[in-house]
Asks: 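Got a structure for you, written out below as structure tokens; questions coming shortly.
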Amino acid sequence: MDHVTGFRCMLCGAEYGLDEVDYVCPLHGDDGILDVVYDYDAIGARLSREALAACPERTMWRYKALLPVAPDAVVPPLRVGWTPLYPAPRLAEKVGLETVWVKDDGVNPTASFKDRASALAVVKAQAAGAEVITTASTGNAAAALAGLAASVGLPAVIFVPRSAPPAKIAQHLIYGARVFLVDGSYDDAFELTLKVAREVHWYNRNTAYNPFMTEGKKTAAYEICEQLDWQVPDVVFVPVGDGCIIGGMHKGFKDLLALGWTDRMPRLMGIQAEGSSPLVQAFDRGLAAEDMVPVAVHTVADSICASLPRDRVKALAAVRQTGGAFLAVSDAEILGAIPIIAQATGVFCEPAAAASYAGLVSAVDKGMVSAGERVVLLLTGSGLKDVGSAMKTVAAPPVVAPTLDALRAVL
Ligand SMILES: *Cc1c(COP(=O)(O)O)cnc(C)c1O
Ligand SMILES: [Zn+2]
């Protein structure tokens, strides 16, 4: 892995070799989130945009040379990534823009964006010789881990809040993971996982704490650029809970710039639910990530419900360094966005994913996006993950007797 030079601490800038630390910079407890550092000359010598164009691998692993894995690493068999980027002209028209695309990550094997990170976690766990892999999750990261682990026969242990939507818990159980429903919040589950994994030496996939999760997630930024023929979009809308996805998108766009494959950065817009918006508050008040404290949270968008976002340092940097913004949207706006996206694009997404469109509406209202700008919405999870919430947004259909007369009466 001579293309990876090591880790750099997001808080103090200390650098470490890949074998020098386990997950975080030891100088800040569990908060010393690390960034993976690359040798872009080495990568550029091995891979080019032209070589990619000829690459038959239609998964995230087409970018293996840009990931912290050995060139001959065996990857899970499930097809993660290289998800479709659909033009969405009717969605664009609704908000008065010319060009909007939606990136549908609900088509991943376990139906969310989290497969990108969990796939990499499984590769790293196997490389480390781990016998068990574990994660805390609001639901999707665990579903992704359970599925990816099942695909290679690695035992997985899952900690989710007991309030997680049933479809996600069904995924954990059906994939054969050992599941613990934590009588508490996602944040409680996260702390518990840190403690138990240290004690029994399980490989820990926890978001942000494990520095490789950003790396798996950055592949979506590569795909967007490659799918747009390396013409970087102007603005990208990302639903934000812990902030790992938006940090990953930032990393991906920065990598491409460093390689000289693109010539600029998009503005990254982080969208949070009003009831879980600590990053919006920190952004509006100009707070440093280190000064954020846990806040009480509640939202219908369970996947973006986090009281102290674990990847807050990377998330704030992503938005501040690209000239973007954090915006809050209400649960009503989030739910309302689900059928609008579905009917304008054919993509049915879960509440957290729909927040990206609600955020676009808000940003256009505030004059933060102009009509000619090219916009991408990240749709991070499938609507089938949470049918209960989706059903609140539509009227119950009429029941009819199976006769033409009865049908005529209601038509
Ligand atoms: C996890 C998740 C998010 C938010 O990602 P973070 O890295 O926690 O900010 C958004 N949407 C869906 C569907 C998710 O599962
Ligand atoms: Zn440090």
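Whatever order the structure lists them in is the order used to number ligands and atoms, beginning at 1.
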Asks: Without hydrogens or angle criteria, can the side chains of Arg205 and Thr207 be said to hold a donor-acceptor pair below 3.5 Å?
Replies: yes
Asks: Could you tell me if Ser185 and Asp188 have a donor-acceptor pair between their side chains, going purely by distance under 3.5 Å?
Replies: yes
Asks: Output the set of protein residues with a heavy-atom contact under 4.0 Å to ligand 1, ordered first by chain identifier and then by residue number.
Replies: Lys114, Asn140, Lys217, Pro239, Val240, Gly241, Asp242, Gly243, Cys244, Ile245, Ser303, Ile304, Glu350, Ala352, Thr380, Gly381
Asks: Enumerate the residue pairs fulfilling salt bridge (Lys or Arg N to Asp or Glu O under 4.0 Å) with a member in residues 87-103, sequence neighbours excluded, ordered by first and then second residue.
Replies: Lys103-Glu223
Asks: Would you say that His250 contacts Lys314 through its side chain, given a criterion of any heavy-atom pair below 4.5 Å between the two side chains?
Replies: no
Asks: Does a donor on one side chain and an acceptor on the other come within less than 3.5 Å for Tyr186 and Asp302?
Replies: no
Asks: Within less than 2.8 Å of the Zn ion (ligand 2), how many protein N/O/S atoms are there?
Replies: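 Under the 2.8 Å cut-off, the count stands at 4.
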Asks: Side chains of Thr110 and Gln171: is there a donor and an acceptor less than 3.5 Å apart?
Replies: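 No, no side-chain donor-acceptor pair sits under 3.5 Å.
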Asks: Here's a test for you: under side-chain hydrogen bond (donor to acceptor under 3.5 Å, both in side chains), which of Tyr38, Trp261, Tyr222 qualifies with Asp255?
Replies: Tyr222
Asks: Only pairs at least two apart or in different chains count here, so list each salt bridge (Lys or Arg N to Asp or Glu O under 4.0 Å) that has a residue in residues 368-379.
Replies: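 Applying salt bridge (Lys or Arg N to Asp or Glu O under 4.0 Å) to every pair that reaches into residues 368-379, excluding sequence neighbours, yields Arg267-Glu373.
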Asks: Between Val313 and Ile33, is any pair of side-chain heavy atoms under 4.5 Å apart?
Replies: no
